[in-house]
Amino acid sequence: MIPYIQIARPDHWFKNVFMLAGVVVALYYRPEVFRDGAQLLAVAQTILIGLASVCLIVSSNYVINEILDAPTDRNHPSKYLRPIPSGKVKLPLAYAEWILLGVAGLAVAWGINFPFFVSGAALLVMGCLYNIPPIRTKEWIYIDVLSESVNNPLRLLLGWYLILPHQVPPLSLLISYWMIGAFFMATKRFAEYRWINNPEQAASYRRSFRYYTEENLLVSMFIYSIASALFLGVFIVRYRLELILSIPLLAGFYGYYLYVGLKPNSAVQNPEHLYRERGLMIYLILCVVVCMGLMFWDFPFLYEYFNVSTTEIETLWQFP
């Protein structure tokens, strides 16, 4: 059973921590949760069930990725050792695992609420578009990064709908989250390309590498990071000015991540190994703690200094 567990990649479940942003921002609009122990416990239970649902869905996507990538993984310097390329998995059972995980994840999502279910289904569909021919967006230059990183805002939506199923989160935050995910993915591509250090071998492993170069990957990383920062600025000024105090920390995180991505055989090639970059992990935890604190700690003087009105207005779209 071990190879079948491995292709579901439970070691990648940590990526679902990106749901946390959606949960935290949604709780900002539901402060009453913190004043009622029973309500807080119910929310915590819902979050755990939602997390289990998302883990099942992303594992389904990982399984189909492993199945369809096996022929090209055999050309990769290390991925040829994966369970399917190395012949440890029977394909009919792997396809059955893909379907069962996806159905189980959506079944759990259906029991939470409809917007959460739709977001989970979108996550599953994006996995299919990314991996399954003839679309297989992972083979298209730039589209591969953008279609994979769209899982970031989808995870934010999933976290949000666990708390506020009848309202829509700010679009500026969703786009910023998408773009920072694109920055992470482009940095991963850049590190992979440099590590393989052979354009022909890289292209045989990943078709989009036929068109990528170190230069255009590096330029795309800057574009994604700038777009993420600009849309985050829109969100901060429009919805939560206190977060402007986190800007120096967040700018430093972009730089730190780029620094790690430029290292030889960088850990960003395999995000599950990023824990080895202890400095980056400590810095990330600091950023998360500061941003969470600023979501709930008011600084009224900022609105005067930045000439921003504090007049209360409707800030969230409502479902009909």
Side-chain angles (χ1 to χ4, degrees), residues 3-16 18-19 22 50-74 76 79 82-85 89-159 161 174 177-179 181-182 184-186 188-189 192 205-209 270-272:
Y4 294 91
I5 294 173
Q6 289 175 333
I7 64 175
R9 301 185 195 173
D11 56 328
H12 286 241
W13 286 350
F14 78 92
K15 295 178 184 178
N16 295 324
F18 285 105
M19 293 172 60
L51 185 61
S53 169
V54 176
C55 286
L56 291 170
I57 291 170
V58 299
S59 281
S60 176
N61 285 341
Y62 287 140
V63 170
I64 194 62
N65 177 272
E66 290 268 352
I67 293 171
L68 298 178
D69 278 6
T72 52
D73 281 349
R74 296 187 181 99
H76 190 273
K79 292 182 179 180
R82 284 179 169 179
I84 296 180
V89 168
K90 295 180 179 179
L91 286 182
L93 292 178
Y95 277 110
E97 181 180 358
W98 165 52
I99 294 171
L100 288 173
L101 286 170
V103 169
L106 290 180
V108 176
W110 181 261
I112 296 175
N113 59 60
F114 184 67
F116 185 89
F117 169 80
V118 172
S119 301
L123 187 63
L124 194 63
V125 168
M126 287 307 303
C128 294
L129 295 176
Y130 184 72
N131 290 291
I132 299 176
I135 298 177
R136 196 166 163 80
T137 60
K138 71 182 303 175
E139 296 183 346
W140 301 6
I141 184 172
Y142 303 125
I143 301 298
D144 62 335
V145 167
L146 292 170
S147 61
E148 171 72 358
S149 58
V150 79
N151 293 340
N152 253 30
L154 287 175
R155 284 186 171 97
L156 188 148
L157 282 172
L158 287 160
Y161 288 136
L174 288 172
Y177 222 52
W178 182 15
M179 290 297 100
F184 292 152
M185 284 302 302
K188 177 182 177 181
R189 293 282 186 272
E192 276 185 319
Y205 154 64
R206 188 183 295 279
R207 186 171 296 181
S208 61
F209 278 156
N270 301 289
E272 68 275 16

### Query
So do Lys90 and Tyr4 actually touch side chain to side chain, heavy atoms under 4.5 Å?
yes
### Task
Test Asn16 against Arg155 for side chain to side chain donor-acceptor pair (under 3.5 Å), laying out the working first.
CA-CA 7 Å; Asn16 295 324; Arg155 284 186 171 97; 2.8 Å; yes
#### Entry: Exam field: side chain Asn61 to backbone Leu123, donor-acceptor pair closer than 3.5 Å
yes
### Query
Would you call the rings of Tyr177 and Phe18 parallel, tilted or perpendicular, where under 30° means parallel and over 60° means perpendicular?
perpendicular
### Message
As a quick check of understanding, evaluate side chain to side chain contact (heavy atoms under 4.5 Å, CB included) for Leu156 and Met19, giving each step before the final call.
### Response
CA-CA 5 Å; Leu156 188 148; Met19 293 172 60; over 6 Å; no
#### Entry: For Gly181 against Asn152, the heavy-atom pair lying closest together
CA-ND2, 3.4 Å
### Message
For a quick test of reading the model, state the closest non-hydrogen atom pair linking Ala8 to Leu101 and the distance between them.
### Response
CB-CD1, 4.2 Å
### Message
Within the 3.5 Å criterion, strictly below it, is a donor on Thr137 or Asp144 matched to an acceptor on the partner's side chain?
### Response
no
### Message
Suppose we screen for salt bridge (Lys or Arg N to Asp or Glu O under 4.0 Å). Which residues come up paired with Lys138, at least two apart in sequence or across chains?
### Response
Asp69
### Query
His12 vs Phe14 aromatic rings, parallel, tilted or perpendicular, using cut-offs 30° and 60°?
tilted
### Query
Checking side chain to side chain contact (heavy atoms under 4.5 Å, CB included) for the pair Phe116/Val54: CA distance, chi angles, key distance, verdict?
CA-CA 10 Å; Phe116 185 89; Val54 176; 3.9 Å; yes
### Task
Please name the pair of heavy atoms, one in Leu158 and one in Ser119, separated by the smallest distance, quoted to 0.1 Å.
CD2-CB, 3.6 Å
### Query
Run the side chain to side chain contact (heavy atoms under 4.5 Å, CB included) check on Glu148 and Met126 step by step: do they pass?
CA-CA 8 Å; Glu148 171 72 358; Met126 287 307 303; over 6 Å; no
### Query
Between atom CD1 of Ile57 and atom CG of Leu154, what is the distance when rounded to the nearest 0.5 Å?
10.0 Å
### Message
Can a donor-acceptor pair be found, under 3.5 Å and without considering hydrogens, that links the side chain of Tyr130 to the backbone of Val125?
### Response
no
### Query
Judged by modelled atom types alone, do Trp98 and Ser59 share a side-chain donor-acceptor pair under 3.5 Å?
no
### Message
If I take atom CG from residue Leu56 and atom CG from residue Leu100, how far apart are they, to the nearest 0.5 angstrom?
### Response
10.5 Å
### Query
When you check the gap from the basic side-chain N to the acidic O, do Arg9 and Glu66 get nearer than 4.0 Å?
yes
### Closest contact, heavy atoms only, Gly120 versus Leu106
C-CD2, 3.8 Å
### Query
Below 4.5 Å, heavy atoms only, C-beta onward: do Arg206 and Arg189 meet side chain to side chain?
yes
### Query
How long is the gap from OG on Ser147 to CE on Met185, to the nearest 0.5 Å?
8.5 Å
### Query
What closest approach, in Å, do Tyr95 and Ile64 show between heavy atoms, and which atom pair accounts for it?
CE2-CD1, 3.9 Å
### Message
Applying side chain to side chain contact (heavy atoms under 4.5 Å, CB included) to Glu97 and Ile7, what does each step give before you reach the verdict?
### Response
CA-CA 10 Å; Glu97 181 180 358; Ile7 64 175; 3.3 Å; yes
### Task
Verify, without hydrogens or angle tests, whether Ser53 (side chain) and Gly105 (backbone) share a donor-acceptor contact under 3.5 angstrom.
yes
#### Entry: Flag, side chain of Trp13 to backbone of Ala52, donor-acceptor distance under 3.5 Å
no
### Task
Taking all non-hydrogen atoms of both residues into account, name the closest pair between Phe209 and Glu192 and its distance.
CZ-OE1, 3.9 Å
### Query
Tell me, do Trp178 and Ser149 make a side-chain contact under 4.5 Å, heavy atoms counted?
yes
### Query
Rounded to the nearest 0.5 Å, how far apart are CD of Gln6 and CD1 of Ile84?
11.0 Å
